[in-house]
Amino acid sequence: MTSVVHNLINYRELIAALAKKNIVVRYKQAYLGLLWAVIKPVMLMLIFTLVKSFVGIETGDIPYPILTFAALMPWIFFQESAAEGVNSITSNTALIKKIYFPREVFPLTAMVTKLVELAIGFLILAALMIYYQMLPTLQALWVPLIIFYTMLVALTISLFGSALNVYYRDVAQALPVLLSLAMYASPVIYPLSLVKTKLIDEQAAGEWSNILYTIYNINPLAGIIDSFQKCLLQGLAPDFGSLLPGFIATIVLLPLSYLYFKKAENWFADII
Amino acid sequence: MPPIIEVKHLTKEYSLGTLTSAKDTLRHTLAKLRGKNTWHRENFKALDDINFSVEKGEVIGIIGHNGAGKSTLLKHLANITKPTSGEVIVRGSVAPLIEVGAGINPELTGRENIFLNGAILGIPKKTIHEKVDDIIEFSELEKFIDTPVKRYSSGMQVKLGFAIATSMDAEILIIDEVLAVGDLAFQRKCFNRMEELIHQQGRTVLLVSHNIRQVERMCSRVILLNQGKIIRDGDSHSTCDHFYQLNNKTISDQQQNNATARITSSGEVNIEQVDILDENNQPTESITEGSTLKIRIRFTSEKALIKPEFHVGTHTTDFIYLTGESTALLQEDFEFPAGSHEIEQHIENYPLVPGSYGIRAAVIDQQGCVLFHGESLKFFNIIAKTDDAPLQDELRLVATNVSWKGLTP
């Protein structure tokens with residue numbers, strides 16, 4: 001694992017150059033340019049807000065649009081980093097067959113590219129906060145750490161997925177489907193507090209309630225989204241209880257995913 | 001000091017056929033669990049027990065036919081793929097110029113591509129900043145450098161790729177077929193740049209090329225690969241020459257196997273056999289450069305031939321007629337009764353350079369009617385006199401005796 005960090009430092013210029021290329025290539029001939037990066041969360045926010053007005057979701061004292069936008073930011077960052085990461089090896093066939101550098105540069109680059117788009121999301125969030133007259137507190141300092149943790153989660157999926165995708169292209173086909181399902185299992189449309197109230201306070205599933213709540217939180221995005229909202233919008237510290245199960249899962253799976261990637265890496269140029 | 005590159009028992013196998021579907025994989029795995037192996041994928045040895053080492057500062061050429069394993073070998077040295085068995089030790093930084101322009105992105109401008117490719121090749125940003133003007137100047141693209149590469153002509157793209165690739169500093173340079181780029185003037189420039197790179201600071205260079213002349217000129221040592229094995233590893237001259245002979249043999253073998261003789265015949269005369277004879281008048285496949293070429297033709301005739309004209313000549317494998325002499329010029333009158341006969345043509349000091357050549361022959365009757373005409377009736381090789389002879393090149397066909405004079409007017 002230390003070698004990932006090592007590579008990140010050694011190859012930072014390459015990662016930066018490739019990420020810049022990704023962004024330039026994507027938006028070069030587009031009139032709206034980088035604005036396209038935020039169209040997706042903004043549209044989803046509007047749709048969710050519309051739906052919410054029919055079904056009624058309890059969101060406490062935070063206005064729903066900004067709450068769901070703050071959920072969509074880490075979610076879309078995670079979803080797209082993972083999806084692009086999984087494709088990143090197979091879409092760079094020419095480079096893989098011609099030049100050697102550590103192959104994890106590709107999934108890392110996919111993530112850095114998405115980080116730039118996330119940064120633009122923050123501008124929209126800031127605008128929303130001004131509109132709703134909300135001020136960030138010192139707790140907002142947790143945000144970089146939360147994003148870093150989100151990157152680790154995305155890497156867990158993209159390292160394993162991108163390596164497997166070299167052998168079986170099914171992976172890149174299946175992942176978007178799975179991820180769009182996973183959105184409903186994450187507190188994006190609804191807040192985590194709703195799940196917590198139902199399971200912990202009301203014990204809605206009987207004796208299984210506490211276990212179910214822990215299982216729900218094994219999805220690292222549950223804790224991530226909740227903490228992101230808490231730190232930025234509510235001025236609260238992260239809820240470590242909901243972060244813990246997912247964190248343990250990530251800490252166990254990330255090294256395995258990395259090991260698989262490094263093992264498979266040797267044959268990329270032959271198989272791809 | 002240990003050698004900068006060491007290759008020990010390097011073997012690389014590829015599975016033939018395609019990767020199977022998940023269903024098949026599952027089936028094979030289940031079968032394996034039951035102790036049966038249903039996995040029948042044929043293996044192909046791209047490299048077979050390769051051993052060599054390279055000292056710092058050596059300039060080594062790697063030659064061989066298509067599919068001999070040259071590029072696979074370079075891929076191992078550049079760490080792009082890993083051996084099936086054996087070991088590759090590289091003690092130094094490697095700059096792989098494996099294909100010019102691998103990292104060029106068509107959407108970016110020339111200048112942006114210089115920076116992107118620099119990063120891909122591991123050149124620090126600072127160094128590229130220093131070199132960017134040189135690179136642009138070398139590529140001759142000053143006017144177009146801020147235009148997206150997708151609007152470049154293919155020649156311009158190649159020029160850009162070459163200019164970037166050769167701007168990097170590394171202890172080991174790996175070059176695969178990159179010199180044949182652009183128009184002649186630019187090729188010349190590339191060639192000079194390569195020589196400059198090679199002779200600079202005692203760099204170690206591995207050069208793969210089909211241009212044997214170039215390899216012979218640039219390299220001090222050449223490795224000849226054939227079907228994944230090293231069949232010769234030695235000084236560039238003798239190895240290149242060996243390769244030529246091998247090449248000629250392959251061509252003539254192919255020609256002979258394919259039996260590509262092109263024959264038109266009236267049916268009255270048929271050529272049965274064509275032989276090339278050595279000094280002892282024994283049939284042979286090859287003669288030495290500059291010796292007498294003896295062609296013996298056995299033919300059968302249905303009827304008596306009175307004053308026929310025989311026309312016998314040689315041609316290259318791509319049907320350029322080289323020699324062609326006719327008996328019509330002779331005052332002698334041949335007469336052959338019906339039956340089997342032989343004629344011989346001797347060419348003293350057959351002047352052609354080493355290579356593979358074909359025989360053509362025609363028989364024409366008294367009235368000027370062509371009774372038989374055939375090309376590629378037989379192939380033979382001209383081989384170099386000695387291993388030390390100047391290497392034959394593609395730029396000449398005929399060897400002549402010349403004398404030189406140096407004058408200062």
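Chain letters run A, B, ... following the sequence lines, proteins first and then strands; every chain starts at 1.
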Could you grab the distance from atom [atom1] of [X] to atom [atom2] of [Y], nearest 0.5 Å is fine?
X	Y	atom1	atom2	value
B:Ile120	A:Leu95	CD1	CG	4.5 Å
A:Asp270	B:Thr72	CG	OG1	9.0 Å
B:Lys125	A:Arg12	NZ	CZ	10.5 Å

Could you walk me through whether B:Leu108 and A:Lys21 pass the side chain to side chain contact (heavy atoms under 4.5 Å, CB included) test, one step at a time? CA-CA 8 Å; B:Leu108 302 180; A:Lys21 177 209 83 178; 3.7 Å; yes

Counting only heavy atoms not in [X] (residues, nucleotides, ligands), do more than 12 fall under 6.0 Å from its [atom1]?
X	atom1	answer
B:Phe115	CZ	yes
B:Gln227	CD	no
B:Lys229	NZ	no
B:Lys131	NZ	yes

Restricting to non-hydrogen atoms, name the atom on A:Ile96 and the atom on B:Ile80 that form the minimum distance, rounded to 0.1 Å. O-CG2, 3.4 Å

Closest non-hydrogen atoms of B:Ala119 and A:Glu13, given as atom of the first, atom of the second and distance, are CB-O, 4.2 Å

Side chain / backbone / both / neither for A:Leu18 at chain B, heavy atoms under 4.5 Å: both

Residue from A:Trp267, A:Phe101, A:Phe268 scoring the most non-hydrogen pairs under 4.5 Å with chain B is A:Trp267

With a 4.5 angstrom heavy-atom cut-off, is it the side chain or the backbone of B:Asn79 that approaches chain A, or both, or neither? both

